[in-house]
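Predicted model, so just to flag it, every value in this text is computed and none were measured. Chain naming here is simple, since letters A, B, ... match the order of the sequence lines and numbering starts at 1 in each.
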Protein chains: 2
Amino acid sequence: MAQLDYDSLRARTAPDPTPLPGAKKQLAAYPFGMSYPDPGNLPIMEAHAAMGEALAEVGGTPTVYPDTQGYPPLREYVARRLAQNRSMSVDPDDVLLTEGSGQAIHFVTEALVDPGDVVIVDHFVYGGTLWSLRRFSADIRGVVSDADGMLPDALESAIDRAAAEGRRPKMIYLIPTFQNPQAWTMPVERRREIVDVAARKGVPILEDDGIAEFRFEGSHVPAVASLDDAGVVIHTGTFSKIIVPGMRIGYLIAPRRLLETVMPIKGSRGVTQFGALAVHRFAATRLDDHLARINRVLRSRRDAMLAALGESFGDTASWSAPEGGLYTWLTMHENVDLVDAAPAAAQKGVTYDMGTNFAAGDDEGRSNARLCFCFNTEADIREGIARLAEAAIG
Amino acid sequence: MAQLDYDSLRARTAPDPTPLPGAKKQLAAYPFGMSYPDPGNLPIMEAHAAMGEALAEVGGTPTVYPDTQGYPPLREYVARRLAQNRSMSVDPDDVLLTEGSGQAIHFVTEALVDPGDVVIVDHFVYGGTLWSLRRFSADIRGVVSDADGMLPDALESAIDRAAAEGRRPKMIYLIPTFQNPQAWTMPVERRREIVDVAARKGVPILEDDGIAEFRFEGSHVPAVASLDDAGVVIHTGTFSKIIVPGMRIGYLIAPRRLLETVMPIKGSRGVTQFGALAVHRFAATRLDDHLARINRVLRSRRDAMLAALGESFGDTASWSAPEGGLYTWLTMHENVDLVDAAPAAAQKGVTYDMGTNFAAGDDEGRSNARLCFCFNTEADIREGIARLAEAAIG
């Protein structure tokens, strides 16, 4: 029988159909694209145990009768933790629990961005955010950075350029700590300058702060949101990285009026209450110990990564040396092309995210790669980086 | 300092801001709006135990490296169960795991509906679906039903009327089994007639089938999707009702071409892998026992509800007597207004969903209410219905 033609029914605003991904491929032997600690270093069974403790204590009512903004004790915990560790002042009523920070970014984009609206991002930036921005047909403008992050003058010029075209940018998306993928951290002075530009120009900042607590050296830098007295900073974070992925629990903290638009976008369907209970109990009882432990692991792996890069790449490339986080950013000299090198690397069991996956500016990123040091052991990092160098520079 | 004005930044397509809901109110003593079994009858700790078993067996890799369409063993399980219990023939590759059926409905609407597009629904229908349709500014047209569900002639007229306006409806949304809120079940002959209309007119059906397995009397009726050989039926279900809410695991089964549009709407962010593991293990080892047990509970509560309605309302109202599901549908005679009666009922500790929450047609539903019998004990049902009658008919 003739089959219904869904192409003729598709919404104008829907994305083009894309082939289904099919079965997940096996993980490579040296998967430098994995931006999570390896399962052996994730507190998976502990998070499960924490969920059981919480369920035994609170019973099932929260699972059938959830609070619309999310489990109140977890929202209170988030507010306390952000005050303590990120220097922020947060009312639990301004916290919305979300399915990871990705959903928070998606909702804020949905609330602010019409097709063609200008959104400002770093010239290399997290691909998941680029996906949300493209879903709403944003006009994405990448702004260049130095080792301290986005350049305030370049930001101001980008806003003025858009204004000269009659368009007020709808937001500035920032990952100010251990930026993804460039791995720099913006010092507090730079943060103040950026907030000042945003406030003067009336453009909100969406601060994505999900991995700031993976700091194993240096001092914490206050969140950008802590430097804001003009209601210009929207803040999101997630427990996916610092506890376990797969729970899908993050949060959005936004000025009240924006939250009033995001809530009807979200609808009344809550996040998983099982996840919220588990995250709350784990965070309240075990998170600081876990962070101390995982940060020792990450430091050792970062050291292995930096040493391996020095041995294998010498002066053919440069890379960042972050004080925390999950990855470094490789820049090849002499225009070595890491897109072209990828198949040869894969042959050797090495995979990575090419700079092109993050590019939002003029630089295509073909000479760049994000190399995660969080997932692989020190020995695998040494071997994998040696193999990558063979594939890239022979 | 002057605060940023978010109203001036809101997207044209964003919903209007609405006041935040604030703290969740205490549950009423007789909450007939609760469409889940009470926590004491939910297998909450068993689902938690099943999650632990699955995690111990598969380890953490699926939680950091999830399959984009969702945990493959659960997709295979869904395909097998739908073959067995809903007479459907499903390829696991055509299954997408979603955060409950609500997310599936939202994605399908996002894929098909531009502002002003016609969507056909029952004249009284699930409020969550109305919310998604309104979010995408659908032109919602309610079609009347009799005790066997949507009338095929009325459906055909509604499609023809839209066509005469130059508009092809984008979909027909159906809850053919234990319809929410009217509680009728469409017999197989009626299902065939509806599928025939949809196929002839080229309008897809979205079948929402989340509670069909709560049947405690009569014979299973095959899913509408099992009667389709024209690729016209999209199917969604959820484990929220038949296992536990708060896991946020449902599924969408769609013709390949539509799935290719839904996937880029969904993005690469998976559903909670903890939930998927728990649901898979629970379903494979405990679900049939649980359903046998909960269906005994539901039957007894339905009986209590029907008896209490007879005692308290006599011939001042009529109500459906479903062979399964979670609620009955009350229709007051003599234009008793259940919206007006709600404050007095609440004074007596009784809450319910008024018909107006479900209305999509000409009838405002002020004389109707959905009364859930799943959450309250038999004694509470008797007492609560007596109090409701006092409030409504004095």
Side-chain angles (χ1 to χ4, degrees), chain A residues 1 3-4 6 9-15 17-21 24 27 36 39 42 44-45 48 51-52 55 59-61 63-65 67-68 100 102 110-114 131 170 202 204 229-232 244-248 255 257-261 263-265 267 269 272-275, chain B residues 1-4 6 9-15 17-21 24 27 36 39 42 44-45 48 51-52 55 59-61 63-65 67-68 100 102 111-114 131 170 202 204 229-232 244-248 255 257-261 263-265 267 269 272-275:
Chain A
M1 188 164 182
Q3 298 294 296
L4 185 61
Y6 282 88
L9 289 156
R10 195 162 60 245
R12 287 187 307 276
T13 52
T18 52
L20 299 183
K24 197 92 186 176
L27 257 189
Y36 287 95
L42 290 172
I44 291 170
M45 298 315 290
H48 177 259
M51 184 190 294
L55 286 169
T61 307
T63 67
V64 287
Y65 192 61
D67 183 278
T68 313
E110 191 166 347
L112 298 179
V113 176
D114 284 309
W131 169 77
K170 286 299 185 80
D229 55 8
V232 79
V244 276
M247 284 287 185
R248 312 302 300 132
R257 191 65 175 167
L258 178 60
L259 216 50
E260 289 176 349
T261 301
M263 283 298 294
I265 286 174
R269 300 171 312 210
T272 160
Q273 284 292 320
F274 284 82
Chain B
M1 188 165 183
Q3 298 294 296
L4 185 60
Y6 282 88
L9 288 156
R10 194 162 61 245
R12 285 186 308 276
T13 53
T18 52
L20 299 184
K24 195 94 186 175
L27 256 188
Y36 287 94
L42 290 172
I44 292 170
M45 298 314 291
H48 176 258
M51 184 190 293
L55 287 169
T61 306
T63 67
V64 286
Y65 192 60
D67 183 279
T68 313
L112 298 179
V113 176
D114 284 309
W131 170 75
K170 286 299 185 78
D229 56 6
V232 80
V244 276
M247 284 288 186
R248 313 300 302 134
R257 191 64 175 169
L258 178 60
L259 216 51
E260 288 176 352
T261 301
M263 283 299 294
I265 285 174
R269 300 171 311 208
T272 159
Q273 284 291 318
F274 284 82

| Which atoms of Ala2(B) approach chain A - backbone, side chain, both or neither, heavy atom under 4.5 Å | backbone
Looking only at atom types and distance, does a side-chain atom of [X] sit under 3.5 Å from a main-chain N or O of [Y], one as donor and one as acceptor?
X         : Y         : value
Tyr6(B)   : Leu259(A) : no
Glu260(B) : Pro19(A)  : no
His48(B)  : His48(A)  : yes

Part of [X] lying under 4.5 Å from any heavy atom of chain B:
X         : answer
Ile265(A) : both
Tyr36(A)  : side chain
Met51(A)  : both
Met247(A) : both
Val232(A) : both

| query | Could you walk me through whether Leu4(B) and Leu9(B) pass the side-chain contact (heavy atoms from CB on, under 4.5 Å) check? | reply | CA-CA 9 Å; Leu4(B) 185 60; Leu9(B) 288 156; 3.9 Å; yes
| query | Any ion pair linking Asp114(B) and Arg12(A) (charged N to carboxylate O, less than 4.0 Å)? | reply |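 Asp114(B) and Arg12(A): salt-bridged.
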| query | Sequence neighbours excluded, which residues qualify as side-chain contact (heavy atoms from CB on, under 4.5 Å) partners of Pro264(A)? | reply | Pro15(B), Thr18(B)
| request: Could you check which of Thr272(A), Thr68(A), Leu55(A) has the highest count of heavy-atom pairs closer than 4.5 Å to chain B? | output: Thr272(A)
